[in-house]
Amino acid sequence: MNDSSPALSLARVSRRLSGRAIIEDLDLDLGRGEVLGLNGAGKSTTLRMISGMLAPSSGTVKLGGEDLYENPQRARRDIGYLPEEPPLYGELDVEEYLTFCARLHGVARAAISAAVEKAIERCELGEMRHRLTSLLSKGFRQRVGLAQAIVHEPALIVLDEPASGLDPI
């Protein structure tokens, strides 16, 4: 990442669906360490474009000064994304799922075990590590979703409704 550029930059980003503007000419700069909350119409669409999951109809999305859509591998490596519904595989237990996610995000084979352990610890999932994700409560499913978003220690974390279903503690 280029240290002089914003961590995230959107320039004239628009997204159209069936000819209708969902997002129009959005400009945004987010510096390292900054937190941004979005509310209102088009929030999930904007978050999907920022995360590399949905290409804008026009405009540019840059991560650390690099165009995200010219280098889509950046999204997998440098962005952690948690959609509104965590993308869990119910036949895997928590540890297996996080190991799978670490591999998808390009964590080096020798570092996967430590990365998974750190994510489990940070999201307080130790007691659930061997439980199938399909058997978890909504709150624990959300924690697993957060863990998969951070297992590779991304430069940018994009969370859509991250507190949905979490207990206040």
Side-chain angles (χ1 to χ4, degrees), residues 1-3 5-10 28 30-39 43-55 61-66 68-69 71-169:
M1 238 186 224
N2 181 346
D3 285 336
S5 60
L8 175 69
S9 181
L10 280 68
L28 171 75
L30 188 65
R32 280 165 187 68
E34 289 187 321
V35 175
L36 172 70
L38 299 176
N39 198 8
K43 171 184 59 76
S44 291
T45 299
T46 300
L47 294 177
R48 282 194 294 263
M49 288 188 293
I50 288 170
S51 69
M53 301 296 292
L54 179 68
V61 177
K62 292 185 178 183
L63 182 62
E66 262 186 70
L68 186 60
Y69 290 92
N71 183 1
Q73 295 82 7
R74 274 300 297 260
R76 189 183 74 204
R77 187 183 71 233
D78 293 338
I79 298 175
Y81 176 55
L82 173 60
E84 195 168 344
E85 284 293 319
L88 306 179
Y89 292 107
E91 64 276 5
L92 298 178
D93 70 29
V94 170
E95 190 170 349
E96 291 168 332
Y97 175 70
L98 294 176
T99 298
F100 171 72
C101 291
R103 287 181 177 161
L104 283 179
H105 288 300
V107 174
R109 186 174 292 272
I112 288 175
S113 184
V116 167
E117 192 58 42
K118 186 173 182 180
I120 285 173
E121 184 180 310
R122 290 174 77 189
C123 295
E124 299 180 8
L125 290 165
E127 68 212 45
M128 299 294 164
R129 73 181 321 124
H130 297 298
R131 187 165 300 175
L132 293 177
T133 60
S134 60
L135 300 178
L136 298 175
S137 69
K138 181 175 171 93
F140 275 109
R141 286 194 311 267
Q142 196 69 4
R143 285 191 203 188
V144 174
L146 285 168
Q148 69 78 30
I150 64 170
V151 71
H152 59 299
E153 298 195 12
L156 177 69
I157 301 171
V158 179
L159 308 172
D160 192 354
E161 302 289 346
S164 176
L166 287 180
D167 61 49
I169 295 170

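Since we're looking at a predicted model, the values are computed, not measured.
One finds the OG atom of Ser137 at 6.5 Å from the CE atom of Met128 (value rounded to the nearest 0.5 Å). Atom CD in Gln148 sits 9.5 Å away from atom CG in Leu104 (nearest 0.5 Å). For the atom pair CG of Asp78 and CD1 of Ile157, the computed distance is 12.0 Å after rounding to the nearest 0.5 Å. Between the NE2 atom in His130 and the CD atom in Glu96 there is a gap of 9.0 Å [rounded to 0.5 Å]. The CG atom of Leu146 sits 10.5 Å away from the CZ atom of Arg122 when rounded to the nearest 0.5 Å. Ser113 contributes atom OG, which lies 13.5 Å from atom NZ of Lys118 (distance to the nearest 0.5 angstrom).
At least one side-chain heavy atom of Leu36 sits less than 4.5 Å from a side-chain heavy atom of Leu28. Looking at Arg109 and Arg103, their side chains come closer than 4.5 Å, going by heavy atoms from C-beta outward. Inter-residue side-chain proximity for Phe140 and Pro86 is flagged as unmet; no heavy-atom pair is nearer than 4.5 Å.
Of the residues Ile50, Leu8, Leu68, the one that meets the side-chain contact (heavy atoms from CB on, under 4.5 Å) test with Ile79 is Leu68.
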(Q) Working note: Gln142 + Leu82, criterion side chain to side chain contact (heavy atoms under 4.5 Å, CB included); need CA distance, chi angles, decisive distance, verdict. (A) CA-CA 9 Å; Gln142 196 69 4; Leu82 173 60; 3.7 Å; yes

Q: For the pair Asp93 and Thr133, evaluate side chain to side chain contact (heavy atoms under 4.5 Å, CB included) and give the outcome as yes or no after the intermediate values.
A: CA-CA 5 Å; Asp93 70 29; Thr133 60; over 6 Å; no

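Nearest heavy-atom pair, Tyr69 versus Met53, reported as atom, atom and distance to 0.1 Å: OH-N, 4.2 Å. Smallest separation of non-hydrogen atoms from Pro6 and Arg32: C-NH1, 3.8 Å. Listed here is the closest heavy atom pair of Leu47 and Leu38: CD2-CD1, 3.9 Å. Scanning both residues, Gly90 and Ser134, for their nearest heavy atoms gives O-OG, 3.1 Å. When all heavy atoms are compared, the tightest approach of Ile120 to Gly126 is CG2-N, 3.6 Å. Pairing each heavy atom of Arg143 with each of Cys123, the nearest pair is CD-O, 3.1 Å.
Open room surrounds CZ on Arg131; 12 or fewer heavy atoms of other groups in view lie less than 6.0 Å from it.
Classified by interplanar angle (parallel below 30°, tilted 30° to 60°, perpendicular above 60°), the ring pair His105/His152 is parallel.
Of the charged side-chain nitrogens involved, at least one lies within less than 4.0 Å of a carboxylate oxygen, so that Glu117 and Arg129 count as a salt-bridged pair. Using a 4.0 Å cut-off between a side-chain N of Lys or Arg and a carboxylate O of Asp or Glu, Glu84 and Lys43 do not qualify as a salt bridge.
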